[in-house]
Amino acid sequence: MKRALITGITGQDGSYLAEHLLALGYEVHGLVRQTNLENASESHGKNLYERCKLHVVSLDSFHGLYRLISKVKFDECYHLGAVSFVGEHLADGFHTIFANTSGTHYLLAAIHEMQPTCRFYFAGSSEMFGRPTSAPQNEQTPFLPRNPYGISKVTSYHLVRNYRATYGMFCSTGILYNHESPRRRPEFVTRKITRAVARIKSGRQTQLELGNLEARRDWGYAPDYVRAMHLMLNHSEPLDLVVATGVIHTVRDFCEVAFAHAGLDWKKYVVTNPRFFRDEDAIPLQGNPAAIKQALNWQPTKSFEEIVCEMVDHDCAVENR
Ligand code: GDP
């Protein structure tokens, strides 16, 4: 039986990955901060965390990570834990950069010293491209991060490359574009929209305030993306790969599909509020998944419309409970 460690196990990706690995017969371990478990178990698969072995260890603590990795032998480590949401990381850039880069570095150092055969996956992000000069982006596109989160991800990416080059460790970075699901945190625009649709449908809300409706993203399906993570660590060689659909849609497209699925006309409910506007770029974050398709035969299983409808159905079911 293979044994895996997941940091960020209580997040959207961590929960799907834990389920995926359990279904494949893995023994799944996860790092948690004691305080965030209650919220997680409520929104994620029931009893999921009872089937995992959880360790209260902070990514800020080299000592804690070192002790865990010297005690338990892991075959694979998926490092998903990070300070991630835009509001959070702009508010405290020092903390974002420090926590995200040192967490990656501590894990790599502990694995290198105690279990150099453990394979390591690092959750990179399209934010590493920041303000790209061309679209779609691929593995050769230069990184131009534009916020502390993006900078922390680029730094971690270089740490991963260095441990691979210097020590021959099997470590890979997945450069993941936005990926959504009913477990997406409501601060993200997709979940904000699908939750609002459910509330408007039930009469508990009358309008939805959004920022730029023309903002574009390459939106994929979170369970497809955790499958990509596992494929990356089970490939014959470590690779850094873009994980994306290659297709972009606007926030307006998302609204159209989401409201229509509930039998509503989005134009009657959506208003824009400058409070939610952000600087948008002429060149969108759009990934080119050619390399991962070629190397790992990875394909997304759900279309944009299917993802939106699944999220709306979920939120309507929660609303009507
Ligand atoms: P991220 O910015 O890629 O991490 O993901 P978000 O879901 O927060 O935002 C995706 C896009 O939607 C961005 O271009 C936002 O500017 C745009 N957007 C438009 N209206 C909103 C809104 O009300 N909330 C958020 N979070 N994003 C919005």
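What you are looking at is a predicted structure, and each value in this text was computed from that prediction instead of being measured. Order of listing sets the numbers, starting from 1, for every ligand and every atom in it.
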Residue portion contacting ligand 1 (non-hydrogen atoms closer than 4.0 Å) for [X]:
X      : value
Asn212 : backbone
Val251 : side chain
Asn178 : side chain

Please determine if Val189 has a nitrogen or oxygen closer than 3.5 Å to a nitrogen or oxygen of ligand 1.
yes
Does any N or O atom in Arg216 lie less than 3.5 angstrom from one in ligand 1, N or O only?
no
Could you work out, for atom 10 (C) of ligand 1, the closest of Glu209, Arg217, Glu180 by heavy-atom distance?
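Nearest heavy atom to atom 10 (C) of ligand 1 lies in Arg217.
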Compare Glu187, Arg278, Glu127 and give the one whose heavy atom is closest to atom 6 (P) of ligand 1.
Arg278
Tell me which pairs pass salt bridge (Lys or Arg N to Asp or Glu O under 4.0 Å) where either residue lies in residues 298-310, with sequence neighbours left out.
Lys302-Glu310
Does the side chain of Glu319 reach to within under 4.5 Å of the side chain of Ser202, using non-hydrogen atoms?
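Yes; the side chains approach each other to less than 4.5 Å.
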Reference residue Phe254; test ring-ring contact (aromatic ring centres under 6.0 Å, His included); the match among Trp266, Trp219, Phe259:
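So the option named by the test is Trp219.
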Contacts of type salt bridge (charged side-chain N to carboxylate O under 4.0 Å, His left out), residue Arg191, not counting sequence neighbours:
Asp315
For the residue pair Arg164 and Phe170, would you count it as a cation-pi contact if the rule is NZ or CZ under 6.0 angstrom from the ring centre and within 45 degrees of the ring axis?
no
Do the charged groups of Lys2 and Glu27 touch, with an N to O distance under 4.0 Å?
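Looking at Lys2 and Glu27, the cut-off is not met.
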Considering the heavy atoms of Ala215, write down every atom of ligand 1 situated less than 4.0 Å from one of them.
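With Ala215 as reference, the close atoms of ligand 1 come out as 14 (O), 17 (C).
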